[in-house]
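From a predicted model like this one, the values you see are computed outputs, not experimental measurements.
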Amino acid sequence: MQSLDHAPASRPIALPDKVALEGLEEKWIAYWDENATHHFDRTAEREDVYSIDTPPPTVSGSLHVGHVFNFTQIDVLARYWRMRGKAVFFPIGWDDNGLPTERRVQNFFGVRCDPSLPYDPGFSPPATPPERPVSISRRNFVELCGQLTESDEESFEDLFRRIALSVDWSLKYTTISPEAQRVSQRGFLRMLEAGHAYRHEAPTLWDVDYSSAIAQAELEDREIAGAYHRLQFPRADGAGVVEIETTRPELLPSCVALVAHPDDARYQPLFGTNVRTPLFDVEVPVLAHELADPEKGSGIAMICTFGDLTDVIWWRELSLPVRTVIGRNGRFETVNFGDSAFPSASPEKATEAYAELEGKTVRQAQRRIIELLSESGLIVGEPRPIMHAVKFYERGERPLEIVSSSQWYVRTMPLRDELLAAGRELKWHPAFMRARFESWVEGLNGDWNISRQRYFGVPFPLWYPLDENGDIGLVPILPEESSLPIDPSSDVPGGYEESQRNQPGGFVGDPDVMDTWATSSLTPEIAGRYVDDPRLFARIFPMDLRPQAHEIIRTWLFSTVVRAKLAHDSLPWTNAAISGWILDPDGKKMSKSKGNLVVPNDLLDKYGTDAVRYWATSARLGVDTVLDEQQMSIGRRLAIKLLNATKFALSRVGDGGEESDNAAELAPLDASMLACLAEVVEVATSAFADYEHARALDRIEAFFWTFCDDYVELVKTRAYGTGDGAASARRALDLALSVQLRLFAPYLPFAAEETWSWWHDGSIHATSWPSTSEIPEQSGSSIELLDAAATVLGEVRHAKTIAKVSMRAKVARVLVRGPNSMLELVAQAHGDLCDAGSIEELELIADDTIEKLAVEAELAPIDDAGAK
RNA sequence: GGGCGCUUAGCUCAGCUGGUUAGAGCAGCUCGCUUACAACGAGCAGGUCGGGGGUUCGAGUCCCUCAGCGCCCACCA
């Protein structure tokens, strides 16, 4: 951390004739590009680096103000640390792999991927999306994904440059690039080698529309309408029936048991006995398990394979068989009653009933089975409608099913305690966000499923051998690390020929791609070139900052912590800065699905980047923030004020634009103002240390207005005169401006850069954050003086306002009463007060009976003032 | 069901480890073209800090409780 003992050197002043915000953005964006102002210094040692694990936006999504909001908050921190002398590693990435891109490509071009089709090198998509999607090969599909993301990325880059993100564009990455794939595939192979990754056949959350497995992290509960149906299960011993309630009667053929709570006296006598499923006559046991809730429904439930996650637990813990009826396409599959999987006592009757369901969707099957049950009198009473929470894939449209499938997993369950410890070690901003991480880790119910049955993603880098019968071998064939990235669907494993693909005795590529988080969890490795440039990586890892939104704590943050733990046995970063959401003016969360997204470009056109940044940075981390155009107006005004005030203070009537005298002795008022400013520097700096950029801005801004309204008004006359105090006033003005412009630089990069350029060479963003050591301490100067003088000036203004006269009106006499200590302060600003207030006579009267200053102003006769 | 956050002027928000008459901006009202700024400036008015209880000499600021809103998590038949 460097500290500067003096203000940056200035040069002769060159002021524009008139000031404006217009045109500044193009000018300075170009300047920063040309001068590589935000370039990361790769030679810096780790302790001199501040590294940021920038969130790579999903480029297939829409651009919206949320991006501006989040990234501006990050940028303020980046600019601050750069000014603190750090080499700031601020990369930018685009997250372009995964389902969102596939979905966008499907809609944009009107295509769908059919992996069974051959590659068509001459394919070009229809000009307008046809009504029925065109089926294309996987490779054609992936090419379209690449094509579309490329143009999406251009518009993102335009926006990000426009909002003055101080990223180093040479550090740009994309999550589908060969480099990222290499990092991702190597990361996977190493997890496999270390035993952290494994393949396993198990019940898996499955989205029937996307036809892919889904991880716990991608789940979302949605309240939907359902109904309890009361079904009768005849007891096997013929002694009556057992009634259960279910919301999913269509799963009856997959029922493998009934379950009740072990303490439930109503059902205790049944434990260990069997019942028969209605319609299908499959004998199933009645069992006891703690998770059965006596309060729910009839207190006894049917266990199906699989209706929900509780079924999975019961199935596992009670060692039940599997009777799958719903296929991966969400339709009822063919099953054979009477065989060992579906041991019906009346196979013909069961088959007949099941024929009514076969091929149907879940909804259709449900409707039909209710009819069948009613016809047979097996439903008791009317369905009881309820609203209940059902699990959905967060991007999906139909409830998830659970199917048994073979997937790749990362062992996260054994890590839970270590992850919780990591969460405590990480510095969260704001601190309460840690609770979200902890409740997620504590709620983990299985290892992390990282395989997806999709196309546009990083492929699993391996193949499986096929034996003479064409059966798949369990031990995969792995590539050399040096050959990565590979695509097992087109690359051939060592020792094989392409002709052996899918042939008995040959090999088959793993058809799946990795979960997008399996790659995004490696952003520190991707951005830091872990594989290709280990020396760079050593200089930036563990990173200093992970900025991100709170809704992806359970995905991006969590998965990154897992991967760093497994690969490096460390935290991936020291700090996590969690930003809030943007709310529309009605206080609702902005999101695509709500249709209330606001496009940022209009706002940027209307108010300018600095103004929009002002709005974004006046919000604290973690706080959901209303999109408030008024706040942008204020920011715009502030930026204009900064230009005007700087121009005014630098327009040296009388000294020909020369530098001020840095050694001039400071008048008490000037020293007092600077002492106040020193306090602001201190407060702002400590606010940044706490990641409280909004508090810093608040203090900086408040001081700036006092500076303009009171201090500048007070010293105006003196600073432009040739008298004794002129040198002091100019020195103070220059120093105060230099400090304030630099304080504002992270927030209002354009206005700060523009004003700085009037009297300095080089970018303000490459100078130092102000230090209190730049501000001279004058013995005997009082920090209260400025305030006392401002109070008197304010009272004089008040008197003029009440009298409805111009501020220029002359005041014949001003009486100031107050305790001696305060009068002494006022006395030190006597001349400036008379000048600023047009006061002819300023009289101070000691009065220790009051604690504050009492001011009486006696206006001069209007005629004399000449103002009216 | 568990947890977190929020609830301060009409609006959007500050109020750090409890301590002078609760702050800012916007909107409102009243003035003023003052030679940096009328896309401006000066000034006024406006809250007793969601309800209740408690700790304390003293609470918006700590504790308990209730309510509303938002969010996170959860094995929701």
Checklist line | With sequence neighbours excluded, residues passing salt bridge (charged side-chain N to carboxylate O under 4.0 Å, His left out) with A:R699 | finding: none

Check: How is A:E223 classified with respect to the nucleic acid when contacts are heavy atoms under 4.0 Å: base, sugar-phosphate, or nothing?
Finding: nothing

Note to self: Under 3.5 Å, is there a donor on one side chain and an acceptor on the other for A:E223 and A:H388?
What the structure shows: no

Note to self: How would you summarise protein contacts on nucleotides 8-16 of chain B per nucleotide, using B for base, S for sugar-phosphate only and - for none, with heavy-atom distances below 4.0 Å?
What the structure shows: ----SSS--

Checklist line | Ionic contact status for A:K296 with A:E245, cut-off 4.0 Å | finding: no

Notebook entry, point to check: Can a side chain N or O of A:K716 be found less than 4.0 Å away from OP1 or OP2 on B:A36?
Noted result: yes

Check: So, is A:K391 close to the B:C75 phosphate, meaning a side-chain N or O under 4.0 Å from OP1 or OP2?
Finding: yes

Notebook entry, point to check: To the nearest Å, how far apart are A:E713 CD and B:A42 C1'?
Noted result: 10 Å

Notebook entry, point to check: Of all the choices, B:A77, B:C26, B:A42, which nucleotide is nearest to the side chain of A:I634 once you look at every atom?
Noted result: B:C26

Check: Rounding to the closest angstrom, what is the interatomic distance between B:U20 and B:C26 at atom P?
Finding: 27 Å

Notebook entry, point to check: Taking CZ from A:F703 and P from B:G23, how many angstroms apart are they, rounded to a whole number?
Noted result: 21 Å

Margin query: If you only use heavy atoms from C-beta on, which nucleotide in B:C71, B:C75, B:C37 is closest to the side chain of A:H550?
Written below: B:C71

Margin query: Work out how far the P atom of B:G25 is from that of B:A45, and round it to whole angstrom.
Written below: 14 Å

Margin query: By the salt bridge (charged side-chain N to carboxylate O under 4.0 Å, His left out) test, which pairs, at least two apart or in different chains, include something from residues 618-628 of chain A?
Written below: none

Item checked: Which nucleotide in B:C71, B:G41, B:G43 has an atom nearest any side-chain atom of A:T801 -> B:G43

Next item on the list: Take the angle between the ring planes of A:W428 and A:F437 and call it parallel below 30°, perpendicular above 60°, tilted in between.
Entry: tilted

Note to self: Work out how far the P atom of B:U30 is from that of B:A36, and round it to whole angstrom.
What the structure shows: 28 Å

Next item on the list: Whole angstrom is fine here: how far is it from CG in A:N445 over to C1' in B:C76?
Entry: 14 Å

Margin query: Nearest to the A:D709 side chain among B:A36, B:A42, B:G3, which nucleotide is it?
Written below: B:A42

Notebook entry, point to check: Can a side chain N or O of A:K800 be found less than 4.0 Å away from OP1 or OP2 on B:U34?
Noted result: no

Item checked: Listed partners of A:D263 passing salt bridge (charged side-chain N to carboxylate O under 4.0 Å, His left out), at least two apart -> none

Margin query: For the C1' atoms, the ones on B:A24 and on B:G47, what distance do you get once it is rounded to whole angstrom?
Written below: 14 Å

Check: If the P atom of B:G50 is compared with that of B:G43, how far apart are they to the nearest Å?
Finding: 30 Å

Note to self: So, does A:R637 get its side chain near the phosphate of B:C26, meaning an N or O under 4.0 Å from OP1 or OP2?
What the structure shows: yes

Notebook entry, point to check: Taking the same atom, C1', in B:A9 and in B:C63, what whole-Å distance lies between them?
Noted result: 28 Å

Next item on the list: Could you check which of B:C72, B:A77, B:G5 has an atom nearest any side-chain atom of A:S439?
Entry: B:C72

Notebook entry, point to check: ring-ring contact (aromatic ring centres under 6.0 Å, His included) with A:F280: which residues, sequence neighbours excluded?
Noted result: A:F337

Next item on the list: Indicate the ring-plane relationship of A:W581 and A:H550, choosing parallel, tilted or perpendicular according to the 30° and 60° boundaries.
Entry: tilted

Next item on the list: Can you tell me, in whole Å, how much space there is between the C1' of B:U61 and that of B:U8?
Entry: 12 Å

Notebook entry, point to check: With a 4.0 Å cut-off, would you call A:E401 and A:R248 a salt bridge?
Noted result: yes

Margin query: Heavy atoms from C-beta onward define the side chain here; which of B:A77, B:A39, B:C76 lies closest to that of A:A389?
Written below: B:C76

Check residues 635-643 of chain A and write down every donor-acceptor pair under 3.5 Å in which the side-chain atom is one partner and the other belongs to a residue at least two apart or another chain.
from, atom 1, to, atom 2, distance (Å)
A:R636, NH1, A:Y607, O, 3.1
A:R636, NH2, A:E22, OE2, 2.9

Notebook entry, point to check: Touch check for A:W315, heavy atoms < 4.0 angstrom, all strands: base, sugar-phosphate only, or nothing?
Noted result: nothing

Next item on the list: With RNA chain B as reference, determine whether A:K641 or A:R436 sits nearer its 5' end, using the nearest nucleotide of each.
Entry: A:K641

Check: Given that A:E22 and A:T310 both sit by RNA chain B, which one's nearest nucleotide is further toward the 5' end?
Finding: A:E22

Checklist line | Rounded distance (Å) that lies between atom C1' of B:A77 and atom CG of A:L287 | finding: 15 Å

Note to self: Work out how far the C1' atom of B:A27 is from that of B:C44, and round it to whole angstrom.
What the structure shows: 15 Å

Next item on the list: Only pairs at least two apart or in different chains count here, so list each side-chain hydrogen bond (donor to acceptor under 3.5 Å, both in side chains) that has a residue in residues 701-719 of chain A.
Entry: A:Y614-A:E701, A:D670-A:Y711, A:D670-A:R718, A:D710-A:R797, A:E713-A:K716, A:R718-A:D832

Between N or O atoms, less than 3.5 Å apart, protein on one side and nucleotides 44-46 of chain B on the other: list the pairs.
none

Check: For RNA chain B, what are the stems built from at least three Watson-Crick or G-U pairs in a row, each pair having both distances below 3.5 Å?
Finding: B:1-7 with B:67-73, B:10-13 with B:23-26, B:28-32 with B:40-44, B:50-54 with B:62-66

Margin query: According to ring-ring contact (aromatic ring centres under 6.0 Å, His included), who are the partners of A:Y393, at least two apart in sequence or on a separate chain?
Written below: A:Y210

Notebook entry, point to check: Given atom CZ of A:R434 and atom P of B:G3, what is their separation to the nearest angstrom?
Noted result: 18 Å

Item checked: Sugar-phosphate, base or nothing in reach of A:A292, heavy atoms under 4.0 Å -> base

Notebook entry, point to check: Between atom CH2 in A:W615 and atom P in B:A24, what is the gap in whole Å?
Noted result: 25 Å

Next item on the list: Mind checking A:W581 for me? I need base, sugar-phosphate or nothing, with any heavy atom below 4.0 Å counting as a touch.
Entry: sugar-phosphate

Notebook entry, point to check: Rounding to a whole Å, what distance do you find between A:E442:CD and B:G1:P?
Noted result: 20 Å

Note to self: Need one value for A:D311: base, sugar-phosphate or nothing, where a base atom within 4.0 Å counts as base even if backbone is also close, heavy atoms only.
What the structure shows: nothing

Notebook entry, point to check: Which of parallel (below 30°), tilted (30 to 60°) and perpendicular (above 60°) describes A:W615 and A:F69?
Noted result: tilted

Margin query: Under the rule for ring-ring contact (aromatic ring centres under 6.0 Å, His included), what residues qualify as partners of A:H429, not counting sequence neighbours?
Written below: A:Y691

Check: Considering only side-chain heavy atoms of A:W705, which listed nucleotide, B:A36, B:A74, B:G41, is closest?
Finding: B:G41

Next item on the list: Answer yes or no: does a side-chain N or O of A:R554 lie under 4.0 Å from OP1 or OP2 of B:C73?
Entry: yes

Notebook entry, point to check: Hey, does A:C708 reach any base, or is it just sugar-phosphate, or nothing, if we go heavy atoms under 4.0 Å?
Noted result: base

Check: Taking atom P of B:G2 as reference, at what distance in whole Å does atom CG of A:D221 sit?
Finding: 17 Å

Item checked: Nucleotide of B:C4, B:U30, B:C76 approaching A:H388 most closely (side-chain heavy atoms) -> B:C76

Checklist line | Partners passing ring-ring contact (aromatic ring centres under 6.0 Å, His included) against A:W206 (at least two apart in sequence or in another chain) | finding: none

Margin query: Can you identify which nucleotide, out of B:C4, B:C75, B:A77, has its nearest atom closest to the A:T247 side chain?
Written below: B:A77

